[in-house]
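Atoms within each ligand, like the ligands themselves, are counted from 1 in listed order.
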Amino acid sequence: METTPSTHLNKNRFSTLNVLQWALPLVLGATAIIFEFVEHGLENEIHFDLSFVSEVIIFGMMGPLCVGLIIGWMRQLMAAEQQAIARVHALNRELENKIIERTTALEQRNAELDNANRELQKLDEMKSEFVSLVSHELRAPLTAINGGLEVALQSSDSLPPASRLTLEAMMDESARLTEFVRTILDVSRLEAGRLTFNLGPVAVTPIIYRSVEVSLGARRVVKWNLPAAIPPIWADEIHYEQVIRNLLLNADKYSPPKAPIEIEVHVNAHSVRVEVIDHGAGIPNEMQDKIFERFQRGESGESTPSGWGLGLYFAKKLTEAQGGVLTLRSPACSKLDEPGSSFSITMPIAADAPEEGDHV
Ligand code: ADP
């Protein structure tokens, strides 16, 4: 058993009590008997009567016996206390060992998790690098294919109708693939921090008009709600326009062809919010956060328009990198058959830039 200063002290006390249990009654008994002898011998001229015998029995024998018994009882108590202390010490040691065991196991588990995490990060980086490399390598052949198809289509009048249709379908698919490759490359550049942002004062209205013209053309009814004066925002013109175009393309893609698309601009004290509202099927609550994640798409079925689930992820990242916020509200209107969605991009006002004129 491990000896601590307190157990050592207890041992000393225990052996003292051991000696005392025998020595003290003997000394007390002897003293009492001598005292009685002296007292009765001197008083009664060595005449030992009943009082002498009873006093010797009481003071010389029973008294010391009681003292001996009390000391013996104290010794037992002390022995029990020592055993209890030893048991507590043993339990403590067991507990400490268990804690050490568990802590070591936890540390090992943490190290394993750290390793697994690092491996996953490495794999993710490798995957991104691979995707970026493949996309990069696809760019040059795609440009050649697009150029060839364009030339072929220019002289397609002489071709049979079936061949012309095939050429047109090839042109569409090739354009889609080119757009996909461009988005993948932009996303990997953004994730690697290699996409440059030239922030400065940007006029909102011309960008909205240009985006509508490029993304929707004349095929959609657009309802406008723009204030008379919109202050310039602080953004990167190219990336800001990219986000607006993306929202317009989605509104077009995910709402019935005849339904109008609404564009609203709200000027607040420190920001300008551009809202693109469509009258499509809307986005269920449980999907509203997910669709901003990489490669996440909404419900898919036969009639679902094609896509890769990268547009909103990229749009959100681009907006945030410019100090803006991209939000979604769906349903956007009270009509049950066309609840619609409203995507808003809010950018800070370029406070030191001159006020923008009336463009409406
Ligand atoms: P993609 O359109 O290529 O699938 P996005 O990232 O642009 O990728 O969109 C992710 C998903 O969000 C889409 O698959 C679609 O389900 C949903 N979504 C985006 N815009 C709208 C919209 N205006 N109305 C309804 N659903 C939309």
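- With Arg220 contributing its side chain and Ala259 its backbone, the two residues share a donor-acceptor pair below 3.5 Å.
- Residue Asn246 has no nitrogen or oxygen atom sitting less than 3.5 Å from a nitrogen or oxygen atom of ligand 1, judged on distance alone.
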In sequence, state the C-alpha distance, the side-chain angles, and the governing distance for Tyr209 and Trp224, and then conclude on ring pair (Phe, Tyr, Trp, His ring centres under 6.0 Å). CA-CA 10 Å; Tyr209 282 143; Trp224 299 91; 4.9 Å; yes

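- Closest heavy-atom approach to atom 16 (O) of ligand 1 among the candidates Pro305, Gly298, Pro284: Gly298.
- When only interatomic distances are considered, the shortest N/O to N/O separation between Tyr313 and ligand 1 does not fall below 3.5 Å.
- A distance of 6.0 Å or more separates the ring centres of Phe35 and Phe59.
- Judged purely by atom type and a 3.5 angstrom limit, Gln322 uses its side chain to pair as donor or acceptor with the backbone of Leu318.
- Evaluated by nearest non-hydrogen atom to atom 1 (P) of ligand 1, the leading choice among Phe292, Tyr254, Phe295 is Tyr254.
- Gly280 does not count as a contact of ligand 1, since none of its heavy atoms falls under 4.0 Å from the ligand.
- Here Thr304 has no heavy atoms under 4.0 Å from ligand 1, in either its backbone or its side chain.
- Residue Lys253 places a heavy atom under 4.0 Å from ligand 1.
- The N/O atoms of Gln296, backbone and side chain alike, include none that comes under 3.5 Å of an N/O atom in ligand 1.
- In the hydrophobic cluster analysis, where Ile, Leu, Val, Met, Phe, Trp and Tyr join through side-chain heavy atoms closer than 4.5 angstrom, Leu249 is grouped apart from Ile263.
- Among the atoms of Gly282, none of the N or O lies under 3.5 angstrom from an N or O of ligand 1.
- Under a 3.5 Å cut-off, the side chain of Ser330 and the backbone N or O of Gly340 do form a donor-acceptor pair.
- Using a 30° and 60° split on the angle between ring planes, His239 and Phe197 fall in the tilted class, from 30° to 60°.
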For Phe295 and Tyr313, run ring pair (Phe, Tyr, Trp, His ring centres under 6.0 Å): C-alpha distance rounded to whole Å, both residues' side-chain angles, the deciding distance at 0.1 Å, then the answer. CA-CA 8 Å; Phe295 298 115; Tyr313 168 75; 8.0 Å; no

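- Remark: distances from the non-hydrogen atoms of Phe343 to ligand 1 include one below 4.0 Å.
- Both the backbone and the side chain of Leu312 come within 4.0 Å of ligand 1, counting heavy atoms alone.
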